[in-house]
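One structure is given here, and the rest of the page talks about it.
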Amino acid sequence: MADGLLERLAIASAQSPGVPVDLRESFAYPLPVRVICDYMGVDDRSSTLMRGPFEALLSVRTQGEAASAMASIRQVLGDLVAQRRREPGNDLTSRLVRARDDGDGFRSDEELIDNLLLLISAGHETTVNLICNAAYALLQRPDMLALVLDGTHTWARVVEESLRHTSPVRYALMRYATEDLVIADAHVRRGDAVIVGIAAAGYTPDEEGADTFDLSRADRSHVAFGSGIHRCLGAELARAEAEIALRRLFTRFPTMRLAKTPKALNSIALQGIDNLSVHLDTTV
Ligand code: HEM
C-alpha cells in the first residue's frame, strides 16, 4: 500500500515539477485508514462517508457537532453490520457480528456498533499524526535523518522517540479515582473525575533536553499508548504502520524538503500538524 501511494506521488510530482505535495493528505492519511478499513471490511464509499464526521468528532468543538457526527457514523456502521449479517466476509466486522449472533460477547447491536466505532476511529487519525509528526521531525533535522538512512539509528527508534516527544493523543479518556491520591502536589479525592495528560508524561520536568527530538536519548519511555488494562489495543499495528511508512517514504525520497511550515492541528484531543507540504525532488 505504501509503495503504491508513493508511486502515485512520484508520477504526480514529475508531471508538475516544482509543485509541492501534501504528504498528510496523500500518504499519511490514506495509509492507516485503508489498513483499518481493510481489517474491518469497510468499503471506500463508507470510508469516505465517515471521514468528515470522524474529523469533527476528534476536533470536538460543540456538543451538538459531536452528537451529529456520532449519529452519521453510527448510521454508516449500522448499515455495515446489516450488510455483513446478510453476506459475511473474512473481515473483523463479520466475525464480531457472528460473535454477537452466537451470544458470545455483545449484549446488543448498539454495543457491537460502539466497539466498531472505537476500533475504526482509533485506527484513523492517531496513526496519521504519528507518521506526520515523525516525518516532520526528521525533515527539520537532516543530521538525524542521515543517521537513520545510514543505519546508525533504526526506524523503530524514530517511531518511539516521536511517540515520546509528540504524543499523537493528548489525553487519556476520563476516569474516576477509586481512592484518595496525592500526585506531586495535586490532591485527588475518591470519586473525582480525572483526565491524565499523557502527551506531557514523556517529559521529565527538570530534565535538560526533554523537549528536543533526539534519537540518541537514553530514556525513551512514554505512555503515548496509555497504560494498564485499557492500554491501546492497536499499539503494535500503529508502530508497524509508522515504521513501514517512514522507511518507504524516506528511502524513496531521501532528498525531499519542506515546502512550508505547517500549523498545529486544531484539536483538543490530538497533537499533530495540519499539512506536510514537501518538494519531493524526484525523477520517476
Ligand atoms: C499512533 C497510533 C495510536 C495511538 C497514539 C493510540 C493511543 C491510544 C491510547 C492513549 C489509548 C488509551 C486511552 C485511555 O486509556 O484512555 C488507546 C486505546 C485504544 N486504542 Fe489506540 N492508539 C493508536 C492506534 C490505534 C489503532 C491503529 C487501533 C486499532 C486497530 C487502536 C485501537 C485502540 C483501542 C480499541 C483502544 C481501547 C482499548 C481499551 O479501552 O481497552 N489504536 N489508544
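For ligands, and for the atoms within them, numbers begin at 1 and follow the listed sequence.
Per-residue contacts place Leu237 under 4.0 angstrom from the following atoms of ligand 1 (heavy atoms of the residue considered): 30 (C). Atom numbering of ligand 1 starts at 1 in the shown order; those under 4.0 Å from a heavy atom of Ala238 are 1 (C), 2 (C), 24 (C). Each of the following atoms of ligand 1 lies closer than 4.0 Å to a heavy atom of Ala172: 14 (C), 16 (O). Near Val169, meaning under 4.0 Å from any of its heavy atoms, are these atoms of ligand 1: 5 (C), 7 (C). Ligand 1 places these atoms under 4.0 Å from at least one heavy atom of Gly123: 26 (C), 27 (C). The ligand atoms of ligand 1 that sit less than 4.0 angstrom from a heavy atom of Ile198 are 10 (C). Close approach of ligand 1 to Arg175 (heavy-atom distance below 4.0 Å) involves ligand atoms 14 (C), 15 (O), 16 (O).
Annotation: atom 19 (C) of ligand 1 to nearest protein heavy atom, Cys232 CA, 3.6 Å. In terms of protein heavy atoms, atom 25 (C) of ligand 1 is closest to Ala122 O, 3.4 Å. Taking atom 30 (C) of ligand 1 as the reference point, the nearest protein heavy-atom neighbour is Ile36 CD1, 3.6 Å. Here the protein heavy atom with the shortest distance to atom 37 (C) of ligand 1 is Leu118 CD2, 4.0 Å. The shortest contact between atom 36 (C) of ligand 1 and any protein heavy atom is with Leu233 N, 4.0 Å. Nearest protein heavy-atom neighbour of atom 28 (C) of ligand 1: Gly234 CA, 3.6 Å. Protein heavy atom nearest atom 6 (C) of ligand 1, with residue, atom name and distance: Phe225 CD2, 3.7 Å. Taking atom 5 (C) of ligand 1 as the reference point, the nearest protein heavy-atom neighbour is Ala224 O, 3.6 Å.
Of the candidates Leu270, Thr126, Ile229, the one placing a heavy atom closest to atom 24 (C) of ligand 1 is Thr126.
Put simply, the side chain of Leu215 does not reach to within 4.5 Å of the side chain of Leu147, judged on heavy atoms. Residues Ile244 and Trp155 are not in side-chain contact: their nearest non-hydrogen atoms beyond the backbone lie 4.5 Å or more apart. Side-chain atoms of Asp38 and Met1, non-hydrogen and from C-beta on, do get closer than 4.5 Å to each other. Between Arg84 and Met40, every side-chain heavy-atom pair lies at or beyond the 4.5 Å cut-off. Residues Arg24 and Asn129 form a side-chain contact, since some pair of their non-hydrogen atoms from C-beta on lies under 4.5 Å apart. Counting only heavy atoms from C-beta outward, the side chains of Met50 and Val42 approach each other to under 4.5 Å.
Looking at ligand 1, you'll find an N or O of His230 within less than 3.5 Å of one of its N or O atoms. Residue Leu173 has at least one N or O atom closer than 3.5 Å to an N or O atom of ligand 1.
In Glu241, neither the side chain nor the backbone holds a heavy atom less than 4.0 Å from any atom of ligand 1. When non-hydrogen atoms are compared, ligand 1 lies under 4.0 Å from neither the backbone nor the side chain of Asn129. Contacts of Val223 with ligand 1, taken as heavy-atom pairs under 4.0 Å, are absent altogether. Only the side chain of Leu130 comes within 4.0 Å of ligand 1, counting heavy atoms alone; its backbone N, CA, C and O stay farther away.
In this structure, Asp114 pairs ionically with Arg74, as a charged nitrogen and a carboxylate oxygen lie closer than 4.0 Å. By the 4.0 Å N-to-carboxylate-O rule, Glu243 lies close enough to Arg247 to be salt-bridged with it. A salt bridge does not link Arg164 with Glu160: every distance from a Lys NZ or Arg NE/NH1/NH2 to an Asp or Glu carboxylate oxygen is 4.0 Å or more.
Arg170 contributes no side-chain N or O that, together with a main-chain N or O of Ala269, makes up a donor-acceptor pair within less than 3.5 Å. Not one N or O on the side chain of Asn275 forms a donor-acceptor pair closer than 3.5 Å with the backbone of Pro262. A side-chain donor-acceptor contact under 3.5 Å links Arg217 to the backbone of Asp219.
Cation-pi check for Arg248 over Phe27 is not met; the charged atom does not lie both under 6.0 angstrom from the ring centroid and within 45 degrees of its normal.
Residue contacts with ligand 1: Arg239 is excluded, as none of its non-hydrogen atoms falls under 4.0 Å.
A donor and an acceptor atom, one from each side chain of Asp91 and Ser94, are located under 3.5 Å apart.
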